[in-house]
Amino acid sequence: MYPSSSDDDKPLARNGNRTNGTAHKKNGIVLPETVSDSVDRQMDAEQMDIDVEDIPLASLVKDVSPAQSRGKRKARKPAIKAQESDEEVVPKGKRQKVTTNGKAKAVDDSDEDDIPLAKQRAAAPKRVTKTVVTTENYSTDSDELMVKKLTAEKHEIEKKAEETAKKLRAEDAQKKKNVAPAAAAKRKIMKKEPESDSDLPIKAKRVAKKTNGVKKEESDDEPLFKKPAAKRAAPKKTTASVKGEEQKPAAKTKGGKTKEEESPQEEEEGEDDDEFKWWEMEKNDGSTKWKTLEHNGVVFPPPYEPLPVNVKLKYDGVPVTLPLEAEEVAGFFGAMLHNSPVNTENPRFVANFFKDFQDITRSKGGAKNVAGKKVDIKTFEKCDFEDIWNYYEQKRIDKKNMSQADKKALKAERDSLEEPYLYCYLDGRKEKVGNFRIEPPGLFRGRGEHPKTGMFKTRVQPEQVTINIGKGAKIPEPPEGHKWAAVVHDPTVTWLATWKENINGNIKYVMLAATSSLKGMSDFAKFEKARELKKHIDKIRKDYEKELRDRLMEVRQRATAMYLIDRFALRAGNEKGEEEADTVGCCSLRFEHVTLELPNKVTFDFLGKDSIRYVNTVAVDAQVFKNLKIFKKEPKRDGDKLFDRLTTGDLNKHLQSYMPGLSAKVFRTYNASWTMQQELAKLDNTGTVAEKQVQYNAANRAVAILCNHQRSVTKGHETSMERTENRLKGMKYQKMRLKKMMLALEPKLKKNDPEFFAADPDIDEEWIKEHQEWLVQQEREKIEKKFKKENEKLVAEGEKELKASMLKERLKESDELSKKFKQENKTGKVEPGKGATVEKLENNVKKLEERIQALEVQMRDKEDNKTVALGTSKLNYIDPRLTVMFCKKFDVPLERVFPKTLREKFKWAIESADENWEF
DNA sequence: AATAGAACTTAGGAAAGGTGTT
DNA sequence: AACACCTTTCCTAAGTTCTATT
């Protein structure tokens, strides 16, 4: 935007983009170009050679302590150091900031930062992986319960249903075929693609691009498509295609026609008719993503619905009327008031919201009281959103309480409205569109300490939306009275529509769904690339081991970063701007994020993507330890970059030299899938399906931990845990009673095996008493309920109710129980039931024992899993063919581990991997 | 060479949906 | 039939990477 040399603090970028004077170099202290021998030796001296063997990939040593007492995370970006004295140094606390409207103002950011930071520290420890050295795997999983519940019987039913459905579909398809053989024909054509237009896309691109990002619809200079495409009749379907599936626009039949050869034998049956098995075809070179593209555009959110006149914001106790635009913004805040404390209680969120709210209120005419007099809204503290909150909360409740039928009707209405947008036709194939809904306005929910969190995310107008569509295809109608920003025909990209969001200026896209062939292909390519890395990894590792000792600082830093990325699955770590949350990855690690402890322990503690904290203590290679020490040496301090001579670009460029397409993120995919394979390889085909599923999840968890995929503890976790704990104790209590019964029958048993009859330390007397009372109470309730039911029945049959005295009589039974317990407590003996034998009792004890153990494992598992998110790795990192392999090899139904959407997304994997597949 | 832009993948939380229980 | 609890899907923010521009 501006010359990189003299961009000190003054340039006030015309575009209103970030203008911070520090935008150029933020490395802070930069280490010398080479590592001198003396430095090397010095480090060696301080650190007598320790030889640490390779540590396992998914390092087992994990965080020891949160290390949160450490220095201020704040110092960040001391960027402008006194050293560069020729530069007009901006006083630290008073730097230029520019608001989105381009108005610059001095901001005292030391103040601004300090307050929230204190808070942050208090809030941060949320979800820290607390781990100790751990090598074991857990043998069970929280899913167990769920699993058990899915009885085999039910499964049968499910399966049958699915089969029938499939058959029906197939039949349906068959019919369709007969009616419209064109579809089938066209499908075949896809097989091979015109060779000769490989040069086309590039040209197309050039034409299409230019004019910074928004490509204008080319008039008729240079047709993008050489041939027929342009001529196709505009598809009629758009409005007509209410029952979507069937009608294929006539257009696409022509799409690739020209070739009439068919290979009839590849007609697949049994499968869904329209299956496009791209994974069985030759690879496309990827330079162009489609030849023809038809779709119906996007769905805009409904217009704002004003609040009822009696629902108002109160300012200083007085209800005020706001301009509609401002009311909407107030409504966003009010609606989340008690719902989303992470936001509404975050000072930064509040401040940003309030600023935008004030601005819009003022610019739209200001707030007025009932008398119509202007009210100046000055402070947030005087704003009372309760009424607004109540209004929206009530709405939510009402919605929830709607009758089943009404809910259904509502959904049907919505569905039919959206139906035209669900699918598009790409190269004539029907493909699912992903996010066709334009993002609604709201308050920006930036995560962590995002500087802009809480700002007003404005409504997107059609005038901001650019449509990408095949040339000749019918252009979707913009909403009445509006027009599109532009309509382009760019076959080199996959998006159907795009717009720019107002908060960060980020570009948003409407793209195809994960189940689409486009996404599937690139997903497939991603995993293939990771597998390709296998062939190079040895060399790469050998090289960086060597380069860890390189004299050139850049090389040494690069090697060290590669080590970290390879071993600990760190992200690349691009530079981030002043206006984004302060999070880091490998290359952007700073001084304060890494602490060293002799002989070779390294503790990472930083906020990564999504401001998720990464805490991990690991043992590293001696040379790595030494290097980190060098990178942290002397003038460096908090806020300085560790890898001051390395950028993600440098790193990726280097990686490219090993293998085309290799970049830092590939290591994450590679390591995740590799780890999964290793974990699965440990399993043998024993146990029930449920047990195997649990093992699978344990393997999955190992990967999730490697990747630091966390989740917040769910609301109910604590109570649910306590409840289970209680249940467990109850079982232990019953076990104890059983044992006492045994003794009652055969007192001398105790001598033979005193341990067996020893008291259980987990349940103390007090608890037992409480529990007994609870049991008695349960008994009472049961009796009462039964009584009530009987009465109801009697009344219904026109007979007389039972007397209350009858109930009393029955309740005596519970009194008996109470008495019995008391007796037991006193004597320490438990009367066995009739017919009990020592053997039977012992057997019961054993059974209970098993149940107890299962529950305990399950609990431990749940506890350990409470902060680990398995889904992310399953969805993005673990090659799905590993899962398919696992299921086939161990006879685990795939549905057990892949929910429907994953089965759809990974169809390519499901159909291409067998029980012997290897990553 | 640096930086901005563009396009796409990855991510956690919220909402929705399903299921067993009462 | 309402609930509580858990899983799945939706939403959109937040990364990475590659390309275009200055």
Side-chain angles (χ1 to χ4, degrees), chain A residues 1-5 7 13 15 17-18 23-25 127 142-143 145-146 149-150 154 205-206 209-210 212-213 215 289 336 339-340 342 396 400-401 403-404 407 411 434-435 437 439-440 442 444-448 450 452-453 457 490 492-495 498 500-501 503-509 511-514 518-519 522-523 526 571-577 580-581 583 585 587 608-612 647-653 655-656 661 663-666 668-669 707-712 714-717 719-720 723 781 785 862 869-873 875-877 899-902:
Chain A
M1 221 67 257
Y2 33 81
S4 59
S5 51
D7 64 324
N15 62 359
N17 272 349
R18 87 169 53 125
H24 56 309
K25 246 226 175 64
R127 295 202 272 135
S142 62
D143 316 48
L145 248 195
M146 177 201 79
K149 287 171 187 163
L150 279 173
K154 191 144 200 189
K205 199 162 181 177
R206 278 211 206 95
K209 299 257 159 122
K210 68 183 179 185
N212 76 8
K215 301 139 224 172
K289 312 294 170 101
M336 63 201 290
N339 232 342
S340 186
V342 266
R396 283 186 283 255
K400 213 153 87 190
N401 290 341
S403 77
Q404 219 54 37
K407 274 185 192 165
K411 188 177 184 320
N435 54 328
R437 274 175 281 253
E439 293 175 13
F444 174 65
R445 289 155 106 108
R447 312 201 180 135
H450 192 119
K452 295 185 171 185
T453 193
K457 187 168 125 171
D490 184 352
T492 69
V493 295
T494 67
W495 52 266
T498 183
K500 193 182 243 183
E501 147 269 337
I503 304 283
N504 301 292
N506 287 336
I507 304 168
K508 303 282 191 161
Y509 300 93
M511 289 179 184
L512 297 192
L518 265 182
K519 293 284 190 188
S522 74
D523 210 34
K526 172 183 78 184
R571 295 189 184 84
N574 286 298
E575 285 304 311
K576 296 192 70 186
E580 300 172 274
T583 62
C587 294
K609 182 176 177 181
D610 292 298
S611 293
I612 295 295
T647 70
T648 52
D650 302 334
L651 179 61
N652 283 339
K653 203 157 83 196
L655 291 174
Q656 291 280 0
S663 65
K665 81 192 272 281
V666 180
R668 246 167 107 78
T669 314
C707 296
N708 197 38
H709 290 145
Q710 299 188 237
R711 60 173 180 157
S712 52
T714 53
K715 309 157 225 111
H717 179 80
T719 40
S720 144
R723 234 190 302 243
E781 278 168 24
K785 225 178 236 166
K862 190 169 174 182
L870 300 189
T872 306
S873 50
L875 188 63
N876 299 303
Y877 286 105
K900 187 165 71 104
T901 45
L902 282 198

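Keep in mind that the numbers below use all heavy atoms, side chains included, and drop hydrogens, waters and symmetry copies. Numbered from 1 within each chain, the chains take letters A, B, ... in sequence-line order.
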**Message:** Quick check for you: to the nearest 0.5 Å, what is the distance between A:Asn504 atom CG and A:His450 atom NE2?
**Reply:** 4.5 Å

**Request:** By nearest nucleotide on DNA chain B, pick out whichever of A:Leu518 and A:Thr872 is the more 5' one.
**Result:** A:Leu518

**Complete:** Between A:Thr498 and A:Lys411, the residue closer to the 5' end of DNA chain B by nearest nucleotide is A:Thr498

Look at the side chain of [X] and decide which nucleotide, out of [options], has an atom nearest to it.
X: A:Thr583; options: C:dC18, C:dG15, B:dC8; answer: C:dG15
X: A:Arg437; options: C:dA14, C:dC11, B:dG13; answer: C:dC11
X: A:Arg723; options: B:dC8, C:dC5, C:dT12; answer: C:dC5
X: A:Tyr509; options: C:dA14, B:dT10, B:dA7; answer: B:dA7
X: A:Lys508; options: C:dT12, C:dT16, B:dG12; answer: C:dT12
X: A:Lys609; options: C:dT17, C:dA13, C:dG15; answer: C:dG15
X: A:Ala664; options: C:dT8, B:dC8, C:dT17; answer: C:dT17
X: A:Lys862; options: B:dT10, B:dG12, C:dC6; answer: C:dC6
X: A:Met511; options: B:dC8, B:dA11, C:dA13; answer: B:dC8
X: A:His709; options: B:dA11, C:dT12, B:dA14; answer: B:dA11

Separation of [N] [atom2] from [X] [atom1] (nearest whole Å):
X: A:Glu501; N: C:dC11; atom1: CD; atom2: C1'; result: 14 Å
X: A:Leu655; N: C:dT17; atom1: CG; atom2: P; result: 9 Å
X: A:Asn506; N: C:dA14; atom1: CG; atom2: P; result: 9 Å
X: A:Arg571; N: B:dT10; atom1: CZ; atom2: P; result: 10 Å
X: A:His717; N: C:dA4; atom1: NE2; atom2: C1'; result: 16 Å
X: A:Asn339; N: B:dG13; atom1: CG; atom2: C1'; result: 13 Å
X: A:Arg711; N: B:dG12; atom1: CZ; atom2: P; result: 11 Å
X: A:Asn876; N: B:dA11; atom1: CG; atom2: C1'; result: 8 Å

Can a side chain N or O of [X] be found less than 4.0 Å away from OP1 or OP2 on [N]?
X: A:Lys900; N: C:dT9; result: no
X: A:Lys665; N: B:dT10; result: yes
X: A:Lys715; N: C:dC5; result: no
X: A:His450; N: C:dA13; result: no
X: A:Thr648; N: C:dT16; result: no
X: A:Gln656; N: C:dC18; result: yes
X: A:Asn652; N: C:dT17; result: yes

What's [X] touching, base or sugar-phosphate or nothing? Going by heavy atoms closer than 4.0 Å.
X: A:Gly585; result: nothing
X: A:Ser522; result: sugar-phosphate
X: A:Thr494; result: sugar-phosphate
X: A:Gly573; result: sugar-phosphate
X: A:Asn574; result: base
X: A:Gly446; result: sugar-phosphate
X: A:Lys407; result: nothing

List the residues meeting salt bridge (charged side-chain N to carboxylate O under 4.0 Å, His left out) with [X], not counting sequence neighbours, and say none if there are none.
X: A:Lys519; result: none
X: A:Arg723; result: none
X: A:Lys609; result: none

**Asked** Taking A:Lys457 for the side chain and A:Glu501 for the main chain, is one N or O donor matched with an acceptor at less than 3.5 Å?
**Response** no

**Request:** Return the angle between end axes of the helix from B:dA1-C:dT22 to B:dT22-C:dA1, with five pairs used per end and rounding to 10°.
**Result:** 10°

**Message:** Test of understanding: with side chain to side chain contact (heavy atoms under 4.5 Å, CB included), list the residues that count as partners of A:Leu518, not counting sequence neighbours.
**Reply:** A:Lys289, A:Leu426, A:Thr494, A:Leu512, A:Ser516

**Item:** Partner residues of A:Ser522 under the side chain to side chain contact (heavy atoms under 4.5 Å, CB included) criterion, sequence neighbours left out
**Value:** none

**Message:** Just by distance, no angles: are the side chains of A:Asn574 and A:Thr648 close enough, under 3.5 Å, to form a donor-acceptor pair?
**Reply:** yes

**Asked** If each of A:Glu439 and A:Leu902 is mapped to the nucleotide of DNA chain C with the nearest heavy atom, which maps nearer the 5' terminus, i.e. the 5' end?
**Response** A:Leu902

**Fill in**
Of A:Ala572 and A:Gly448, the one whose closest nucleotide on DNA chain C sits nearer the 5' end is A:Gly448

**Asked** Ion pair present between A:Lys653 and A:Asp650, side-chain N to carboxylate O less than 4.0 angstrom?
**Response** no

**Asked** Can you find a heavy atom in the side chain of A:Thr647 that is under 4.5 Å from one in the side chain of A:Glu575?
**Response** no

